[in-house]
J.: 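Pasting a structure here, questions to come.
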Protein chains: 2
Amino acid sequence: MGQLWDMRPLARKLGAFVALTDDELTVLDGLHKRRRTFVAGRELVHQGQSDRSAYVMISGWACSYKLLPDGQRQIVDFQIPGDFLGLRSILLHMSDHTIEPVTDIEVTEIHVSDLLDAFASAPRLATAVLWAASRDEAMVVEHLVDVGRRDAAQRMAHFLLELGSRLTLAGMGSRDGFACPLTQYLLADALGLSSVHVNRVLRQLREAGMVTFRDGQVTFQDHDRLAEFAEFDPTYLDQVGPLLT
Amino acid sequence: MGQLWDMRPLARKLGAFVALTDDELTVLDGLHKRRRTFVAGRELVHQGQSDRSAYVMISGWACSYKLLPDGQRQIVDFQIPGDFLGLRSILLHMSDHTIEPVTDIEVTEIHVSDLLDAFASAPRLATAVLWAASRDEAMVVEHLVDVGRRDAAQRMAHFLLELGSRLTLAGMGSRDGFACPLTQYLLADALGLSSVHVNRVLRQLREAGMVTFRDGQVTFQDHDRLAEFAEFDPTYLDQVGPLLT
DNA sequence: CGCTGATTTGAAGAGAGTCAATCGAGGTGG
DNA sequence: CCACCTCGATTGACTCTCTTCAAATCAGCG
């Protein structure tokens with residue numbers, strides 16, 4: 001299950017897009033500089049700071065967000081095991097957002113220069129990373145649709161279903177639900193709502209018998225009805241298998 | 001100005017990220033299968049359809065959007081000359097959105113297979129495309145912040161300023177304004193507002209003496225005050241010059 | 001000249017925010 | 001062992017932004 005990521009998270013992630021050769025796997029293994037841990041709440045990459053390292057999540061949850069001058073924030077995405085942290089930041093040589101662990105997290109570090117060298121010596125790796133980045137962008141796009149065109153209840157439902165699907169792919173969830181360390185404040189900042197309204201909406205969904213969010217556990221009581229209510233179409237998450245053999 | 005794009009739009013776009021060699025330029029030129037035109041309103045890539053070609057815009061405006069089952073839509077981004085059309089669609093072998101020309105447009109076509117072959121023979125091109133894709137993602141993220149955490153007036157102001165900056169980089173605008181073929185309906189679907197409210201907000205901004213939107217022309221009457229009002233920080237659009245030499 | 005599409009404006013209603021108070025669990029120090 | 005504190009969850013009352021519905025205006029155009 002989730003343990004698989006522990007070994008070679010990058011190989012696992014990119015292998016979904018490109019059938020990697022032994023040589024390419026060797027190059028990938030050379031990328032992992034060291035394993036690091038960060039404690040919950042202490043920000044990792046700061047908005048505006050330029051940085052030389054990206055990370056791959058091994059365990060725990062993190063979130064990336066943008067801070068507005070007036071103190072509000074918009075959470076762009078949550079990262080779970082197997083996801084990149086700060087990839088865009090190092091590519092653009094400028095962090096346009098902040099990354100903060102939600103729980104204590106474990107990551108492996110990757111230096112930009114090593115990554116670019118790897119692209120040069122194993123070109124198909126660049127293609128694989130491009131694919132992974134495209135899938136991340138597809139999730140941001142779906143998030144934009146959530147916030148722009150769905151009301152609070154649909155938005156919440158859709159968001160929880162997406163998280164459930166992603167966690168299931170990572171072996172950390174199922175159609176029945178998943179363990180979820182997020183607070184209602186975090187949900188509010190992700191969905192563009194107030195925490196008060198998040199609470200009300202969660203109650204609605206609970207009383208409608210569709211999904212329960214309690215004690216760090218999301219339980220899909222009626223997955224099908226919830227998916228219908230949220231108009232959830234997981235196509236954009238589909239893992240079709242290696243596209244380049 | 002805008003004419004430069006006409007010649008080798010892809011070379012111009014990628015050259016901003018990677019200093020291209022003659023060999024790489026040759027490979028790039030081999031990518032342009034043919035030049036095509038599409039008329040305004042007739043969709044180009046349909047949601048759910050899998051496709052083999054992406055495009056690079058030469059002239060005109062297009063938009064990419066997602067349709068919801070209830071008929072609402074969320075416009076994800078507008079494309080202007082020099083932008084990719086449908087790059088993510090072909091990479092993921094599945095279009096998760098629809099692309100439609102806003103005006104008549106002119107594009108050059110690129111086949112996926114050719115693109116992947118090009119990556120193999122000129123690896124640094126893959127890195128360049130990854131960079132371009134990352135910048136596109138940064139714009140979607142900023143759009144998400146717009147819709148999630150800014151009120152209607154700030155949202156509109158921020159959006160017009162971003163468009164202005166992008167068009168200026170493409171030689172099609174300035175601090176004074178730009179020609180804009182968008183309707184208020186399109187703005188509404190992009191900003192997650194109703195077209196009625198878009199109209200009201202435009203009036204507010206006009207009466208405040210900050211920006212005018214009329215007869216296909218956006219005029220920044222007071223660019224500085226508008227930028228301050230919108231808390232506009234164009235960092236995420238910055239073109240730092242070749243990152244890989 | 002009448003059509004259609006885009007813009008404009010008014011009035012009423014709904015969804016979500018704000019303010020404020022309560023409650024419960026976990027942690028900490030006396 | 002208990003008072004105290006903090007953080008997150010919960011709920012009520014009120015306010016306000018934005019939507020919806022409706023209608024009028026205007027321009028281009030067959």
Side-chain angles (χ1 to χ4, degrees), chain A residues 39-42 61 63 68 70-75 100 102-104 146-160 179-208 211-219 229, chain B residues 39-42 61 63 68 70-75 100 102-103 146-157 159 179-207 211-219 229:
Chain A
V39 297
R42 264 269 307 279
W61 291 54
C63 68
L68 299 191
D70 62 3
Q72 290 195 104
R73 72 170 177 177
Q74 174 66 49
I75 291 179
E100 183 180 299
V102 172
T103 66
D104 291 353
D146 265 354
V147 172
R149 284 302 183 198
R150 291 190 235 266
D151 68 23
Q154 268 199 321
R155 202 182 297 182
M156 175 67 73
H158 195 276
F159 183 77
L160 292 177
C180 178
L182 305 178
T183 66
Q184 295 185 1
Y185 286 90
L186 287 168
L187 284 176
D189 281 342
L191 298 178
L193 299 170
S194 67
S195 62
V196 173
H197 204 59
V198 163
N199 186 281
R200 287 193 237 276
V201 165
L202 286 174
R203 180 163 55 133
Q204 276 179 236
L205 294 174
R206 185 185 340 120
E207 288 174 351
V211 61
T212 300
F213 183 99
R214 187 180 286 283
D215 298 325
Q217 186 70 32
V218 171
T219 309
F229 171 72
Chain B
V39 297
R42 264 268 308 279
W61 291 53
C63 67
L68 300 191
D70 62 4
Q72 290 195 104
R73 73 170 176 177
Q74 174 65 48
I75 292 180
E100 186 181 298
V102 171
T103 65
D146 265 354
V147 173
R149 285 300 183 201
R150 291 191 234 264
D151 68 24
Q154 267 198 322
R155 203 183 297 183
M156 175 67 73
F159 183 77
C180 178
L182 305 178
T183 67
Q184 296 186 1
Y185 285 91
L186 287 168
L187 284 176
D189 281 342
L191 299 177
L193 299 169
S194 67
S195 61
V196 173
H197 204 59
V198 163
N199 185 280
R200 286 192 234 278
V201 165
L202 285 174
R203 179 163 55 132
Q204 275 180 237
L205 293 175
R206 185 185 340 122
E207 288 175 351
V211 62
T212 300
F213 182 101
R214 187 179 288 282
D215 298 326
Q217 186 70 32
V218 171
T219 308
F229 172 72

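Naming: A, B, ... by sequence-line order, numbering from 1 per chain.
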J.: Nearest whole Å is fine: how far is dG15(C) P from Q72(B) CD?
T.: 13 Å
J.: When all nucleic acid strands are considered with a 4.0 Å heavy-atom cut-off, which category describes G192(B): base, sugar-phosphate, or nothing?
T.: sugar-phosphate
J.: Classify T183(B) by what it touches in the nucleic acid, base, sugar-phosphate, or nothing, heavy-atom distance under 4.0 Å.
T.: sugar-phosphate
J.: Using whole Å, report how far CG of D70(A) lies from C1' of dG17(C).
T.: 14 Å
J.: With axes from five pairs an end, tell me the bend angle of the helix from dC1(C)-dG30(D) to dG30(C)-dC1(D), nearest 10°.
T.: 30°
J.: Testing R155(B), R149(B), Q154(B) for side chain to side chain contact (heavy atoms under 4.5 Å, CB included) with D151(B), which one passes?
T.: Q154(B)
J.: dT9(C) C1' sits how many Å from R206(B) CZ, rounded?
T.: 12 Å
J.: Of all the choices, dT7(C), dG10(C), dG17(C), which nucleotide is nearest to the side chain of R200(B) once you look at every atom?
T.: dG10(C)
J.: Tell me, please, the opening and closing nucleotides of DNA chain D, 5' to 3', among those with an atom under 4.0 angstrom from a non-hydrogen atom of chain B.
T.: dC18(D) to dC21(D)
J.: Counting just side-chain N and O atoms, does Q184(B) come under 4.0 Å of either OP1 or OP2 of dG5(C)?
T.: no
J.: If you find the nucleotide of DNA chain D closest to V198(B) and the one closest to Y185(A), which residue's nucleotide is nearer the 5' end?
T.: Y185(A)
J.: What is the separation between atom CG on L202(B) and atom C1' on dT9(C), rounded to the nearest whole Å?
T.: 14 Å
J.: When we call it a touch if two heavy atoms are under 4.0 Å apart, what does L193(A) touch: a base, just sugar-phosphate, or nothing?
T.: sugar-phosphate
J.: Tell me what R155(A) touches on the nucleic acid: a base, only sugar-phosphate, or nothing, going by heavy atoms under 4.0 Å.
T.: nothing
J.: Using salt bridge (charged side-chain N to carboxylate O under 4.0 Å, His left out) as the criterion, list what pairs up with R73(A), not counting sequence neighbours.
T.: D189(A)
